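Report on one structure; see the data block that follows.
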Amino acid sequence: FGFYGGGIDHWSYKKRYGRMKGYDLWKNRQPIAEGFQNKFSTRVFMEQASKVILKHNQSTPLFLLAAFSAPHIPLQVPNYFRNLYKSQNLSNVEQTYAGMVTALDRGVYKILNSLKRMKMFENTILIFQSDNGAAGLNTGGSNFPLRGTKSTLFEGGTRVPTLIFSPLLKRKGIINSNMFHITDWFPTLVSLAGGKQHDLPGQLDGLDSSASVLSGSRSKRYSIVYNVDKIIDRETGVLNIRGAVRAGDWKIIRGVWSASRIGWDRNGVEEHGSPAQHLSVSPSNVNTSMNMPESQPPSEHDWSASNLAGPVFINGSAYYLFNLRTDPLERNNLLHRRRHTSAFSRLKRLLDIHIKRALPNIMSSLSAQPQADPKLYNGHWSPGWC
């Protein structure tokens, strides 16, 4: 049960790409959007997840991925949730976004109640995680003080908080700052459910981090591939390569993004602070969880543009080099200081290996693919064309 694309309307389940538009809600391979018109997506996904739990045969394990479509653009929420924040010092966009988060919180609460009703809660591990950083305050969210937005390879676009809650945890109430990649969840969950690693397919990207999840012990992971994109411009034929890898404390980024996406989103923070500060529950321990200094983020003048923040061009390509232990906010590109050349060379070799293996991405957007037009599939976005 879910959708193929992103950014679907939360009431109609329609999505527009350029001149093409269509429905995008499916159960297995059956389009079902027409049956859920004017029903808010968060409630629909909550109800579907609860149905799975209530019908589950408890003699077998259960894996349930509840991939809610909100909070995400378009920013839409029932008035009840939005009005909860009318009296607070938030913009209209932030009120709507906060309402969407609260609706999601209510949905998670209902799912937990279903687990408890079926007496499954005591043997369940709940993982609450985002897929990427916020797109920016113009859409209600902010990654501050981390640098960058969604669609970039800076920490603000890629590093997200995760909540793990379960009666099965051996250590509770702790902050785990171990390195973890989303591909680690597959082998980790198999292990947590009692499976054996030797039964899994070979050459997995993910690592079993079940010991780290249960007790906070040191993770097996040392390096991360953030992404590698080899994008061919359809008009010019020029190849644009973007990628990033991390090894230990060191991180290298290759590529160029628009200036509006690669800074520190202070928009609105000076005026009335971070939106999270105005909600009834705000994150406490954010500095510790991201290995940041205990002090407050740098003062205002420290966030002006710096010659040390921009890329360094090597053989025509833009590069950044950061030490995330000493500079988790990615404020100083160490390539400007002509030091740490051995670290750069080591990470560049690693990144180049992944670039060589990567296949070109020839799809700039769905709107450039006329064979994807929903008109060809009874008004629904479908993977059948590809």
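The structure presented is a predicted model; accordingly, all values stated were derived computationally and were not measured.
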(message) Any side-chain to backbone donor/acceptor pair from Q129 onto T162? Under 3.5 Å, distance only.
(response) no

(request) Write out all pairs satisfying ring pair (Phe, Tyr, Trp, His ring centres under 6.0 Å) with one or both partners inside residues 161-184, taking only residues at least two apart or from two chains. (result) F121-F165, F180-W185

(message) Check whether D249 reaches the backbone of L324 with its side chain - one donor and one acceptor, N or O, closer than 3.5 Å.
(response) no

(request) Please step through salt bridge (Lys or Arg N to Asp or Glu O under 4.0 Å) for the pair D352 and K356, ending with a clear verdict. (result) CA-CA 6 Å; D352 287 344; K356 185 176 181 180; over 6 Å; no

(message) Tell me if a side-chain donor or acceptor on R147 pairs with a main-chain N or O of A309 at a distance below 3.5 Å.
(response) yes

(message) In the structure I gave you, are the side-chain heavy atoms of F186 and L200 within less than 4.5 Å of one another anywhere?
(response) yes

(request) Flag the pair E47 and K51 as a salt bridge only when some basic side-chain nitrogen lies within less than 4.0 angstrom of an acidic carboxylate oxygen. (result) no

(request) Could you tell me whether a side-chain N or O of W264 sits under 3.5 Å from a main-chain N or O of L329, the two making a donor and an acceptor? (result) yes

(request) State, to 0.1 Å, how close G216 and I174 come at their nearest heavy-atom pair, and which atoms those are. (result) CA-CD1, 4.0 Å

(request) Could you tell me whether a side-chain N or O of S217 sits under 3.5 Å from a main-chain N or O of A211, the two making a donor and an acceptor? (result) yes

(message) Would you say that more than 12 heavy atoms from the other residues, nucleotides or ligands in this model lie under 6.0 Å from the CG of N113, or not?
(response) yes

(message) Looking only at the side chains, is there a donor atom on one of S215 and R171 sitting less than 3.5 Å from an acceptor on the other?
(response) no

(request) Taking the side chain as every heavy atom from C-beta outward, state whether D208 and K220 have any pair of such atoms under 4.5 Å apart. (result) yes

(message) Any side-chain to backbone donor/acceptor pair from W257 onto T149? Under 3.5 Å, distance only.
(response) no

(message) Determine whether a donor-acceptor pair (N or O, by modelled atom type, separation under 3.5 Å) exists between the side chain of H10 and the backbone of P74.
(response) yes

(request) Compute the ring centroids of F40 and F81, then answer whether they are less than 6.0 Å apart. (result) no

(message) Can you confirm whether N57 is buried at CG, in the sense that more than 12 heavy atoms of other residues, nucleotides or ligands lie under 6.0 Å from that atom?
(response) yes

(message) With a 4.5 Å cut-off on side-chain heavy atoms, are V256 and P311 touching?
(response) no

(message) Once you measure the plane-to-plane angle for F68 and F45, does it fall in the parallel (<30°), tilted (30-60°) or perpendicular (>60°) bin?
(response) tilted

(request) Please answer whether the main-chain N or O of L84 pairs with a side-chain N or O of R82 as donor and acceptor at a distance below 3.5 Å. (result) no

(message) Please identify which of these residues, V245, L334, L350, meets the side-chain contact (heavy atoms from CB on, under 4.5 Å) condition with W250.
(response) L334

(request) Could you tell me whether K172 atom NZ has more than 12 heavy atoms of other residues or ligands within 6.0 Å of it? (result) yes

(request) Compare all side-chain heavy atoms of I32 with those of F1 and state whether any distance is below 4.5 angstrom. (result) yes

(message) Tell me whether the count of non-hydrogen atoms from other residues, nucleotides or ligands lying under 6.0 Å of CZ in R346 goes above 12.
(response) yes

(message) Through direct or indirect side-chain contacts below 4.5 angstrom among Ile, Leu, Val, Met, Phe, Trp and Tyr, which residues connect to Y4?
(response) W26

(message) Under a 3.5 Å threshold, yes or no: a donor from one side chain and an acceptor from the other, between H380 and Q30?
(response) no

(request) Using a strict 4.0 Å threshold on nitrogen-to-oxygen distance, state whether K251 and E330 make a salt bridge. (result) yes

(request) Using atom types as modelled and distance alone, determine if a side-chain donor or acceptor of D9 lies under 3.5 Å from a backbone N or O of K14. (result) no

(request) Treating Ile, Leu, Val, Met, Phe, Trp and Tyr as nodes and any side-chain heavy-atom pair under 4.5 angstrom as an edge, say whether F128 and V52 lie in one connected cluster. (result) yes

(request) Examine distances only and state if a side-chain atom of N143 and a backbone atom of E155 form a donor-acceptor pair shorter than 3.5 Å. (result) no

(message) Check this for me: R261, atom CZ, are more than 12 non-hydrogen atoms of other residues, nucleotides or ligands nearer than 6.0 Å?
(response) yes

